[in-house]
Peer 1: 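Questions regarding the structure given below will be posed in turn.
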Amino acid sequence: MLIARRAAISVGSPLLSALCTGTFTSSHIKLSTMAEHSPDQVVFNKPKIELHVHLDGAIRVQTILDIAKRRGISLPANTVEEMTSKIILQEPATLTKFLGKFAEYMHVVAGDREAIKRIAYEFVEDKAKEGVIYAEVRYSPHFLANTKVDPLPWNQVEGDLSPDEVVHLVNEGLSKGERAFNIKARSILCCMRHMPSWSMDIVELCKKYRHEGVVAIDLAGDESLNCEANPGHRKAYEEAVRCGIHRTVHAGEVGPASVVKEAVEVLKAERVGHGYRTLEDQALYKKLLAQNMHFEVCPISSKLTGACDSDFTKHPAITFRKDKANYSLNTDDPLIFNSTLHLDYATAQKYMGFTEEEFKRVNIKSAESCFLPETEKKELLRKLFTAYGMIQSTAF
Ligand SMILES: O=c1[nH]cnc2c1ncn2[C@H]1C[C@H](O)[C@@H](CO)O1
């Protein structure tokens, strides 16, 4: 069975058009479910880097069904098609509504060791199939745990899986995937905006597992409800700076440019998750351009979360492209957006004027801005330059 987000989407496909015109209905789910994967539908069929994707937003629907069955958890649907239609966002909504979608399935995966290893392993397989050669995948260890987390998420009963062990399991799943699919995968641990009391745990886990695949700390969650970084988050980021843990922050996705300013100036973010609304403060934008700040852009996501205008021809990525900014193209939560990285690239090509040359530039910028140690970063860059038939000294 081929599920929707596994299929590459052609530039002229009904699914892409529907996404871009805001007329995405259940009939499109069916259509996309039947779409056939065909290599000529991929707009950039070359090695890619992905820096902003949530593990818990990138689970296979079939896997959710399998795990629910094994654990005896009842779900509102029994088939991939039905379950997909329950989980996905079908039209532009709000970030708050989007975040509510996780509750449809997180209780199935959380607290289950086998499930957590499996989703990490399958994530690597899915990325390898999309031509990704290096991915940084992020998640909240607390959201997957069922002990040593207060409050217990997803109405779980207390068990014995701690956030610490969750990180260990994800690391194992990712490493197994790396060996099986010959790509590199690292992880970023998320603090959550509404849970500042978890943030010190996160930085401690980043420190503990920094040599086992964890490369950075992030701050995710609902920026629209909670604009100013709580002291709990600030302290965690101070500790990250002190210990040389890399830092990214979701900012300026739906929150104002001041959140981006705070992320960079107070939390010392080295990359900005989304960052679209930076453009509302031109002085800040110019400063960040001059600093070579990296923006983790997620086109399909930005439409469906209501972060950006639903007309992709007005997308901030167009300004970033014209200004030769430092940014990446990412899926964010392909499960909930029923998307693939190919769909994000196809969207950028069709509606934002992206060319093959810009896709190469974006991926080289992504490699330069990734959180790998310098020697591994150089090796990654060398791979890209070779695959793109470019001479390494090419300046963008
Ligand atoms: O696009 C997003 N913005 C803010 N928070 C997000 C986004 N996508 C996922 N998250 C949240 C929900 C997940 O459970 C959490 C950790 O991956 O991060």
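In this chain, residues are counted from 1 in sequence order. Start at 1 and go down the list; that is how both ligands and their atoms are numbered. The figures that follow rest on heavy atoms only: side chains count, while hydrogens, waters and symmetry mates do not.
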Peer 1: Report yes or no: is the cationic atom of Arg247 (NZ for Lys, CZ for Arg) under 6.0 Å from the centre of the six-membered ring of Tyr237, at an angle within 45° of the ring normal?
Peer 2: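 Judged by the rule (NZ or CZ under 6.0 Å from the ring centre, within 45° of its axis), Arg247 is not positioned above Tyr237.
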Peer 1: Hey, could you give me the CG/OG distance between Leu189 and Ser140, rounded to the nearest 0.5 Å?
Peer 2: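 The CG atom of Leu189 sits 9.0 Å away from the OG atom of Ser140.
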Peer 1: Can we say Glu379 and Lys184 salt-bridge, meaning some charged N sits less than 4.0 Å from an Asp/Glu carboxylate O?
Peer 2: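 Between Lys184 and Glu379 there is no salt bridge, as every charged N stays at least 4.0 Å from the carboxylate O atoms.
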Peer 1: How does Leu95 reach ligand 1, by side chain, by backbone, by both or by neither, if only non-hydrogen atoms under 4.0 Å count?
Peer 2: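 The answer is the side chain of Leu95.
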Peer 1: Using a 4.0 Å cut-off to any heavy atom of Ser140, which atoms of ligand 1 qualify?
Peer 2: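 The atoms of ligand 1 under 4.0 Å from a heavy atom of Ser140 are 16 (C).
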Peer 1: Going by heavy-atom distance to atom 4 (C) of ligand 1, choose the closest among Gly221, Ser302, Gly273.
Peer 2: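 Result: the heavy atom closest to atom 4 (C) of ligand 1 is in Gly221.
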Peer 1: Can you tell me if Met106 contacts ligand 1 (heavy atom of the residue under 4.0 Å from the ligand)?
Peer 2: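 No, that is not the case, since the closest heavy atom of the residue is not under 4.0 Å from the ligand.
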Peer 1: Using a strict cut-off of less than 4.0 Å between a Lys/Arg side-chain nitrogen and an Asp/Glu carboxylate oxygen, indicate whether Glu130 and Lys127 qualify as a salt bridge.
Peer 2: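 Counted as a salt bridge, because a side-chain N and a carboxylate O are separated by less than 4.0 Å.
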Peer 1: Going by an N to O cut-off under 4.0 Å, is there a salt bridge joining Glu125 and Arg60?
Peer 2: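 Looking at Arg60 together with Glu125, the answer is yes, because their closest N to O distance falls below 4.0 Å.
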Peer 1: Is the contact between Asp332 and ligand 1 made by the side chain, the backbone, both, or neither, using heavy atoms and a 4.0 Å cut-off?
Peer 2: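 Under 4.0 Å from ligand 1, Asp332 contributes side-chain atoms alone.
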Peer 1: Which residues pass the side-chain contact (heavy atoms from CB on, under 4.5 Å) test with Lys208, sequence neighbours left out?
Peer 2: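 Residues passing side-chain contact (heavy atoms from CB on, under 4.5 Å) with Lys208: Asp164.
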Peer 1: For ligand 1, which atoms sit closer than 4.0 Å to a heavy atom of Phe143?
Peer 2: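 Under 4.0 Å from Phe143, ligand 1 has these atoms: 14 (O).
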Peer 1: Nearest protein heavy atom to atom 11 (C) of ligand 1, by residue and atom, and its distance?
Peer 2: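 The closest heavy atom on the protein side is Leu99 CD2, 3.7 Å.
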Peer 1: Need the ligand 1 atom indices (1-based, order shown) with element for anything under 4.0 Å from a heavy-atom of Ala220.
Peer 2: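 What qualifies from ligand 1 is 5 (N), 18 (O).
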Peer 1: Looking at ligand 1, would Glu223 count as a contact under a 4.0 Å heavy-atom criterion?
Peer 2: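 False for this residue.
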Peer 1: Out of Glu253, His54, His250, who gets a non-hydrogen atom closest to atom 18 (O) of ligand 1?
Peer 2: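 It is His54 that holds the nearest heavy atom.
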Peer 1: Donor-acceptor pair, distance only, cut-off 3.5 Å: does the side chain of Asp332 make one with the backbone of Ser301?
Peer 2: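 No: the side chain of Asp332 does not pair with the backbone of Ser301.
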Peer 1: Given Ser199, which of His233, Glu239, Lys235 fulfils the side chain to side chain donor-acceptor pair (under 3.5 Å) condition?
Peer 2: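 The side chain to side chain donor-acceptor pair (under 3.5 Å) with Ser199 is passed solely by His233 among His233, Glu239, Lys235.
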Peer 1: What is the closest protein heavy atom to atom 14 (O) of ligand 1, and at what distance does it sit?
Peer 2: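 For atom 14 (O) of ligand 1, the nearest protein heavy atom comes out as Asp56 OD2, 2.5 Å.
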Peer 1: Write out the residue and atom name of the closest protein heavy atom to atom 8 (N) of ligand 1, then the distance separating them to 0.1 Å.
Peer 2: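 Atom 8 (N) of ligand 1 sits closest to the protein heavy atom Asp333 OD2, 2.8 Å.
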